[in-house]
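We're numbering straight along the sequence, starting at 1.
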Amino acid sequence: MRSNRDLKNILERIDHKGYPAYKDTKGEYQFSNYVLDIEHVQGDPFASPSQLRITVNGKNAGLPSNYYDKKHKRIAAQDYLLRKIGYEISKNSKQRGSGKSGIIHISRCGQQILERTACQINDRNGEVTIRLEVGFPANGRTINAGELERILFHVLPDIVNKTVLFQNMNIMELDGVMRLAENQYFIRNEMKIMELTAFIADNSVLPRKSGISQQPLENAVRFRSPESMKIKMNLPDGTIIYGMGIPKGVTLIVGGGYHGKSTLLEALQMGVYDHIAGDGREYVFSDSSSMKIRAEDGRSISQTDISMFINNLPNKMNTKCFSTQNASGSTSQAANVVEAVETGCRVLLIDEDTSATNFMIRDELMQLVVTKDKEPITPYIDRVRELYEAYGVSTILVAGSSGEYFHKADMVIQMDEYHTYDITEYVKEVAQRHAYCAKADCERIVVMPDFNRKAHVNKDWIGDRIKIKVYGKDMLSINRDEIDTRYLEQLVDEEQLRMIGYLFVYMNHSVFGGNMTIQSSVEKLIKLLEKNGIKEIFQNQKIPCNLAMPRPQELYMSINRFRKIMNNI
C-alpha cells in the first residue's frame with residue numbers, strides 16, 4: 001500500500017497532461033485515519049465518474065459495538081452515517097471544469113431505511129466502508145490535478161472526520177436513531193405475536209407532498225385510530241404509543257372518493273420498510289411480506305398455475321401451467337396473486353382502482369346473462385375467504401363501487417375526510433339484509449398451486465462483460481435484455497432495481513438451471529447473502545457504490561417478468 005504522499009507526487013507529475021494519465025492514480029493509499037482506494041478511474045471527463053472506496057478501521061472509527069451488534073441497528077446506523085455524509089458532500093460538490101469535473105456523488109437516501117453499498121459497517125469489528133464517485137477534474141481534456149488534490153486531501157478528509165469518527169458525532173442524535181430502530185423492530189415482533197397484518201400509530205402523517213414525492217404533506221390530517229381497533233404498545237425506550245391494529249383476515253377500506261382510502265393503502269404498502277424520524281410514517285407498519293397486487297396488461301407469464309382463478313379457456317389452454325407473452329388485465333392479476341403467494345407473501349394489498357373488474361367480481365345480473373359454463377374466470381371475491389382460511393393469506397382491499405365484499409370481510413374501515421372509523425358491525429347488519437349472489441357451484445381449491453417453475457440459464461450473461469442499466473424504477477436492462485418493472489410499486493429506489501440486476505447475473509452463474517425451482521433458487525441466494533453478506537455476489541470484484549437491497553418479494557416478481565430467463569428465448 002502506498003502513502004498519501006505517493007498520491008500527491010503522482011498528481012504533481014501528471015498535472016496538465018492528457019486525461020488518460022489519471023489512470024496512474026489507481027490503487028490504495030494510506031491516509032491518517034483511513035485507506036483511500038481509487039478503484040476505477042474514468043477514461044474521459046464526460047464519462048461516468050471515478051469510483052472511490054474509503055475504509056476506516058474499527059479503531060479509528062471508534063463506533064461502540066452496541067450501535068451495530070444487531071442487523072436492524074447496523075442498517076439504521078449505516079443509513080444515519082450515509083445521510084450525514086451526503087449532506088456534507090452536497091455542500092462541497094460543484095462542477096469545476098469540463099464534463100463531470102469536481103462532482104462528488106454518493107447515494108441519496110429517501111424516506112425509507114435501506115441497506116446500501118454506499119455505507120457499510122462490519123458487524124465484527126466496526127470497520128466503516130464508504131463508496132462514492134468523484135468526477136476527476138479537467139480543463140477540456142487536460143488534467144487539473146490541483147483541483148483533485150483539493151478534493152482528495154482536504155474535502156474528503158474533512159467529511160470523514162466530521163461524519164464517520166465517533167468522537168465527532170452528535171451522540172444524542174445517533175442515540176435517537178438507535179431508539180427508533182429498536183422501537184420499530186419491537187413493534188414488528190409484537191405484530192407477529194398479536195397476529196396483526198398492520199399497525200398505524202396515532203398522529204401519523206399518511207398523505208405525501210405529491211404523487212412524485214415521498215415527503216410528508218404539511219398540515220395534513222393526522223391519523224387517529226377508532227377506539228374499537230386501538231392497540232397499546234409499550235416501547236423499549238419506555239414510551240407508550242397507541243394506534244390501529246389491523247388483524248389477520250379480510251379487511252375492507254371504504255369511503256367516498258378523495259377521502260383517503262388509497263392514501264391509507266399506499267402507506268401500508270410502504271409500511272414493509274422502516275422510515276426515518278420525522279417522516280410521519282415512522283410508526284406505520286405492515287407485514288414485511290405484504291405485496292401490492294394489481295392488473296398488469298401486457299406482462300409476460302410463464303408456467304404459472306392460475307387454475308384457481310381461470311379455467312376452461314375456449315382455446316383449451318392449460319391454466320395449470322399457463323404461459324403468455326401478453327396477458328390481459330384479469331389474467332395478469334390472477335398470476336400476480338399466485339406468484340405473490342409463491343414468494344411467501346402473507347398479506348395481499350389490493351386497490352379496486354388498479355384492478356381488473358372482471359377479476360374482482362361478477363354481479364348477479366351478469367351471472368344470469370353469462371353463465372358459469374361460459375365464464376372461465378372465478379373472481380377474487382369467491383377465493384378471498386379461502387386464501388385466508390386455507391392458506392393463511394390475508395387481504396386488505398380498497399373498495400369503492402361494490403358492496404359484495406361486505407359479505408366476505410372480517411373488518412370494515414371507513415375513511416371520511418381522512419378520519420378513520422370502524423363500521424364493521426353496521427356493515428354486517430346491512431349485509432344481512434342483502435343476500436350475496438355467489439356462484440353456488442364454485443369449486444374449492446383444496447391444494448395451493450404447485451410452485452415448480454424453473455428459470456433457464458441465459459448463455460448471453462456468461463462472462464465478465466455484462467452491462468447492467470436501470471431507467472429509474474421502470475426498467476432494468478442486462479445486456480439489452482429488458483424487464484418492465486413499472487408496476488412493482490413497492491420498489492422505492494432505483495438502486496434496489498440495479499441490485500436485482502446483479503443478483504440476476506449471480507443467480508444465472510451459480511443458481512439457475514438443473515433441478516432448482518425459482519423458490520429454491522431465491523431461498524438459496526438469501527441464505528448465502530445472510531451468511532456471507534453482499535461480497536458473496538461480487539467475489540473478488542469491486543462492489544458498486546450505488547446498490548440497495550431489495551426485498552425477496554421484488555426479486556421474485558422481477559424474475560417472473562424477465563421473459564428471456566423464464567421462457568428460454
Quick check: does any side chain N or O of [X] sit under 3.5 Å from a backbone N or O of [Y], one acting as donor and the other as acceptor?
{"X": "Thr319", "Y": "Ile310", "value": "yes"}
{"X": "Gln490", "Y": "Gln269", "value": "yes"}
{"X": "Glu386", "Y": "Asp382", "value": "no"}
{"X": "Thr304", "Y": "Ile306", "value": "no"}
{"X": "Glu342", "Y": "Val338", "value": "no"}
{"X": "Arg383", "Y": "Phe309", "value": "no"}
{"X": "Asn311", "Y": "Pro376", "value": "no"}
{"X": "Asp287", "Y": "Thr197", "value": "no"}
{"X": "Ser213", "Y": "Ser210", "value": "no"}
{"X": "Ser332", "Y": "Gly329", "value": "yes"}

What are the two closest non-hydrogen atoms of [X] and [Y], and how far apart are they?
{"X": "Asp422", "Y": "Val412", "answer": "OD1-O, 3.5 Å"}
{"X": "Ala201", "Y": "Phe223", "answer": "O-CD2, 3.7 Å"}
{"X": "Asn336", "Y": "Met557", "answer": "O-CE, 3.6 Å"}
{"X": "Leu348", "Y": "Cys345", "answer": "CD2-SG, 3.7 Å"}
{"X": "Met499", "Y": "Ala548", "answer": "CB-O, 3.1 Å"}
{"X": "Ala327", "Y": "Ile301", "answer": "CB-CD1, 3.5 Å"}

Any chance you could measure [X], atom [atom1], to [Y], atom [atom2], to the nearest 0.5 Å?
{"X": "Glu282", "Y": "Ile187", "atom1": "CD", "atom2": "CD1", "answer": "10.0 Å"}
{"X": "Arg561", "Y": "Asp484", "atom1": "CZ", "atom2": "CG", "answer": "9.0 Å"}
{"X": "Gln333", "Y": "Arg294", "atom1": "CD", "atom2": "CZ", "answer": "9.0 Å"}
{"X": "Ile200", "Y": "Ile413", "atom1": "CD1", "atom2": "CD1", "answer": "6.5 Å"}
{"X": "Leu349", "Y": "Glu489", "atom1": "CG", "atom2": "CD", "answer": "10.0 Å"}
{"X": "Phe322", "Y": "Met317", "atom1": "CZ", "atom2": "CE", "answer": "5.0 Å"}

Task: For Arg551, all residues meeting salt bridge (Lys or Arg N to Asp or Glu O under 4.0 Å), sequence neighbours excluded - done: Glu554
Task: Glu494: partners by salt bridge (Lys or Arg N to Asp or Glu O under 4.0 Å), with sequence neighbours left out - done: Arg498
Task: ring pair (Phe, Tyr, Trp, His ring centres under 6.0 Å) involving Tyr502 - partner list, sequence neighbours excluded - done: Phe538
TODO: Could I get the full list of ring pair (Phe, Tyr, Trp, His ring centres under 6.0 Å) partners for Tyr405, not counting sequence neighbours?
DONE: none
Open item on the list: Walk me through whether Glu425 and Lys428 qualify under salt bridge (Lys or Arg N to Asp or Glu O under 4.0 Å).
Closed with: CA-CA 5 Å; Glu425 293 304 317; Lys428 289 187 180 299; over 6 Å; no
Under 3.5 Å, is there a donor on one side chain and an acceptor on the other for [X] and [Y]?
{"X": "Ser328", "Y": "Thr331", "value": "yes"}
{"X": "Arg299", "Y": "Asn326", "value": "no"}
{"X": "Tyr273", "Y": "Gln111", "value": "no"}
{"X": "Gln414", "Y": "His419", "value": "no"}
{"X": "Ser225", "Y": "Asp202", "value": "yes"}
{"X": "Asn183", "Y": "Tyr283", "value": "yes"}

With a 4.5 Å limit on heavy-atom distance, are the side chains of [X] and [Y] in contact?
{"X": "Phe199", "Y": "Met233", "answer": "yes"}
{"X": "Met411", "Y": "Leu252", "answer": "no"}
{"X": "Val254", "Y": "Phe406", "answer": "yes"}
{"X": "Thr485", "Y": "Ile500", "answer": "no"}

Salt bridge check: are [X] and [Y] linked by an N-O gap of less than 4.0 Å?
{"X": "Asp410", "Y": "Arg385", "value": "yes"}
{"X": "Asp279", "Y": "Arg281", "value": "no"}
{"X": "Lys527", "Y": "Glu530", "value": "no"}

- [ ] For His105, check side chain to side chain contact (heavy atoms under 4.5 Å, CB included) against everything at least two apart and list the hits.
- [x] Glu133
TODO: State which residue, out of Arg116, Lys473, Arg108, fulfils the side-chain hydrogen bond (donor to acceptor under 3.5 Å, both in side chains) condition with Asp493.
DONE: Arg116
Using residues 393-400 as the side-chain source, report each donor-acceptor pair under 3.5 Å to any protein atom, sequence neighbours left out, with the distance given to one decimal.
unit_1	atom_1	unit_2	atom_2	d
Ser394	OG	Gly249	N	2.9
Thr395	OG1	Tyr380	OH	2.6

Task: Criterion salt bridge (Lys or Arg N to Asp or Glu O under 4.0 Å) on Arg188 and Asp274, from CA distance to verdict - done: CA-CA 10 Å; Arg188 290 194 183 277; Asp274 290 340; 3.0 Å; yes
Open item on the list: Could you walk me through whether Glu352 and Lys261 satisfy the side-chain contact (heavy atoms from CB on, under 4.5 Å) test, starting with their C-alpha distance in whole Å, then the side-chain angles of each, then the deciding distance to 0.1 Å, before giving a yes or no?
Closed with: CA-CA 10 Å; Glu352 191 181 69; Lys261 302 187 304 296; over 6 Å; no
